[in-house]
Peer 1: 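Pasting a structure here, questions to come.
In what follows, every chain begins at residue 1, and chains take the letters A, B, ... in the order their sequences are listed. Computed from a predicted model, the values in this text were never measured in an experiment.
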Amino acid sequence: MDDNVKKIMHVMRRAPHGSIYTYEGLEMILIMAAYEQDLSVAFIGDGVYALKKNQNTDGISMKGFAKTFMALDGYDVEKLYVDRVSLEERGLTEDDLLVDVELLDSAEIGRRMTEQDVVIHH
Amino acid sequence: MDDNVKKIMHVMRRAPHGSIYTYEGLEMILIMAAYEQDLSVAFIGDGVYALKKNQNTDGISMKGFAKTFMALDGYDVEKLYVDRVSLEERGLTEDDLLVDVELLDSAEIGRRMTEQDVVIHH
Amino acid sequence: MLHTINTSPFESPAMEECIRFVQPGDPVLFIENGVYAVQNGNRFSDAIAALQKTSPVYALQPDLDARGISSVDAEVKGIGYDGFVDLVEAHQVNSWL
Amino acid sequence: MLHTINTSPFESPAMEECIRFVQPGDPVLFIENGVYAVQNGNRFSDAIAALQKTSPVYALQPDLDARGISSVDAEVKGIGYDGFVDLVEAHQVNSWL
Amino acid sequence: MRGTALPGFSATILNSEKVKIGILLKEGPYNHQAADTAYKFAEAAIKKGHTVDAVFLYNDGVINATNLTDPPQDDRNIAARWSEMAKEHGVEILACIAASKRRGITDDLMIEGGSITGLGTLTDIAIRNDRLLTFGD
Amino acid sequence: MRGTALPGFSATILNSEKVKIGILLKEGPYNHQAADTAYKFAEAAIKKGHTVDAVFLYNDGVINATNLTDPPQDDRNIAARWSEMAKEHGVEILACIAASKRRGITDDLMIEGGSITGLGTLTDIAIRNDRLLTFGD
């Protein structure tokens, strides 16, 4: 692999809308995607809420951005990992999510984390 | 009681130094004390850490302020309540605290909260 | 006294702390990320059911909608900002940030 | 890979989440409010002891001092900012904000 | 629901009374939802005929008052929204001076209708209003 | 401890190698300790002969770069400290433009040694450095 291609994992850990971290994290991912790095995105803890279907932010007068996760595929960001435990303890299933993801055990996501050159939590 | 004397409770809920809420909360208490309101301060959750003895902030290059809690008495802020459960689950006892406080059960602090005109969490 | 909780119970101890101090009869309103607490069938559903035995529980509907939460615990009442105002008109407020 | 945790375990799920993902052998460093985790005899002492079976555990000494924590769990190593740098020299970093 | 008293176990509001409200806002715009919720609440309270006396900005909340805020065109402008509320409804937008200095917020940056003041003013707000609501994170 | 390799189970550093470090700072000054820890870390790294290439400011982190910061005299001046580090050690202090606009941080406010740039620059920093450390809350 090219020396200048880095493995960069973005870890979404916050629920959307209560703070801007998920949204500005997504902006960062979109820019980095243009640089043809080896990107992946992991959804852990409240981060899984970012992918919840049927978010409608009209009532809080904020821009919605859930659907932008659906566009990641078009930017060749295809490695989306969701922590199974995080999803389950929130009473959610894959059917509740907007996009196709790999549902993984924590240990497996942990293994993929250690392979990264850079890990950024949002 | 004078109509213009309000019962105001400040609730310290964060650990010191990791964020500024405790410190700026204390600044607010000191100013309000000059207005001769009926003030009280409750320490709940990580807020109890604010009163921990032997804090030395030299190594993180920040101003220490734990001792300012000892000065509250001089400003006639004498109602300091500590939540017993919060203290215990942190492995602390009254001996670990810088100032004399009333150690109370959560329900009793809750009762005193409901008597307030204003409650401000820091 | 109205208690408001604005953080996710998965991310912050605010709800758990609030419940420990709230007096019987006092209403509790979940707002912002706090509304995740009342999503039906999550880890906190029992805690919400227990709370409801002594306190009316509300959730801010615009915050539920923003987060795609359509199924909430039984008897949790969704209200708008105007309902929030009505609660504030009736009660002093204790915001568990 | 070095894992850092900077929030109190009483206030944030970061430590609990990190522990679930950390790989055997990877060092864990507590900084800022994170250092409350390793105070001897609190609710998380068992979790720290379990973590230490597979990972070396460090805490930033200036942050321990700032918070008046003089008694830490056995075998937790207090290090300075220069020790932090040494760990970063040896490992990629994963900061569990 | 609209216009009627909410249930709640304590039924003290069969007849709607107007209240005077102060707001304490402890987080900056955009980064946390607090500024949005505070605004939406204030807007609804004013619409119902209550008085929103002042919004006191503390901690990072002072960043709400800079007129240099310049969000994307399709997003809300939080600072401008406070400024309009100040002008249209007489809501005082007040930033704590000590908190402002730490964060580089100065008189020159103030939105129209906003000003910098001390914590004594917050105490006055707490005293003279029926309610003091805190928004933060 | 000083100057010697730390234990840790993976013993890859018997001989100290110099690394090139980028820093991503996600919280504003004073309100969170992140800016302090990032600074103390960078200072220690430079002292040990490592290179701190850049500090990229994101989210509320952009507030670190305003030259209007004016803390109490007996407190540290976080913005000035970054500025000095930039001048003395060539550390680039870079604020994300989109994050800056939301929070009212502009070119005119930049500390000496600080500048506003895009997220592409952060990507470059991630690519060209041996480490990218994140500080936040």
Side-chain angles (χ1 to χ4, degrees), chain B residues 11-26 42-70 82-101 103 106 109 121-122, chain D residues 4-16 18 29-51 57-74 76-87 95-97:
Chain B
V11 186
M12 313 312 270
R13 297 246 318 290
R14 322 274 182 124
H17 315 311
S19 64
I20 204 169
Y21 301 106
T22 312
Y23 180 69
E24 290 192 332
L26 187 55
F43 299 83
I44 291 176
D46 275 3
V48 304
Y49 287 135
L51 300 178
K52 178 80 178 63
K53 278 180 186 162
N54 299 322
Q55 298 179 44
N56 179 348
T57 54
D58 292 350
I60 57 172
S61 304
M62 289 168 67
K63 279 200 297 183
F65 57 90
K67 287 188 175 151
T68 309
F69 284 106
M70 295 168 77
V82 166
D83 176 46
R84 190 189 307 274
V85 176
S86 300
L87 200 61
E88 284 173 0
E89 69 179 1
R90 284 163 184 77
L92 300 176
T93 69
E94 260 187 286
D95 286 345
D96 291 304
L97 306 185
L98 269 168
V99 291
D100 284 338
V101 297
L103 211 59
S106 310
I109 294 179
H121 290 244
H122 296 286
Chain D
T4 69
I5 296 166
N6 72 307
T7 46
S8 160
F10 292 95
E11 212 179 39
S12 151
M15 180 183 86
E16 192 192 346
C18 171
L29 168 64
F30 290 93
I31 66 174
E32 302 180 357
N33 283 351
V35 300
Y36 287 113
V38 302
Q39 184 207 288
N40 189 249
N42 72 14
R43 177 148 70 81
F44 296 96
S45 297
D46 289 347
I48 297 298
L51 175 61
V57 175
Y58 302 89
L60 203 57
Q61 191 66 46
D63 279 321
L64 287 168
D65 294 342
R67 289 157 183 84
I69 305 171
S70 52
S71 170
V72 301
D73 292 325
V76 171
K77 199 173 185 71
I79 60 174
Y81 291 102
D82 54 344
F84 187 179
V85 172
D86 289 341
L87 284 168
S95 300
W96 292 79
L97 305 185

Peer 1: Quick check on the structure: residues of residues 65-74 of chain D within a heavy-atom distance below 4.5 Å of chain B, by number.
Peer 2: D:Asp65, D:Ala66, D:Arg67, D:Gly68
Peer 1: Quick one: pull up CZ in B:Arg90 and CZ in D:Phe44 and give me the separation to the nearest 0.5 Å.
Peer 2: 8.0 Å
Peer 1: In terms of heavy-atom contacts, does CD of B:Glu89 have more than 12 from other residues, nucleotides or ligands at under 6.0 Å?
Peer 2: yes
Peer 1: Which atom pair, heavy atoms only, marks the closest approach of B:Ala15 to D:Tyr36?
Peer 2: CB-CE1, 3.3 Å
Peer 1: Side chain from CB out, backbone as N, CA, C, O: work out which of these in B:Arg14 comes under 4.5 Å of a heavy atom of chain D, or both, or neither.
Peer 2: both
Peer 1: Minimum heavy-atom separation for D:Ser8 and B:Asp46, please, with both atom names.
Peer 2: OG-OD2, 2.6 Å
Peer 1: Checking side chain to side chain contact (heavy atoms under 4.5 Å, CB included) for the pair D:Asp63/B:His17: CA distance, chi angles, key distance, verdict?
Peer 2: CA-CA 9 Å; D:Asp63 279 321; B:His17 315 311; over 6 Å; no
Peer 1: Is there any residue in residues 49-57 of chain B with a non-hydrogen atom under 4.5 Å from a non-hydrogen atom of chain D, and which ones are they?
Peer 2: B:Tyr49, B:Lys52, B:Lys53, B:Asn54, B:Gln55, B:Asn56, B:Thr57
Peer 1: For the candidates D:Asn6, D:Asn42, D:Leu64, which exhibits the highest count of non-hydrogen atom pairs separated by less than 4.5 Å from chain B?
Peer 2: D:Asn42
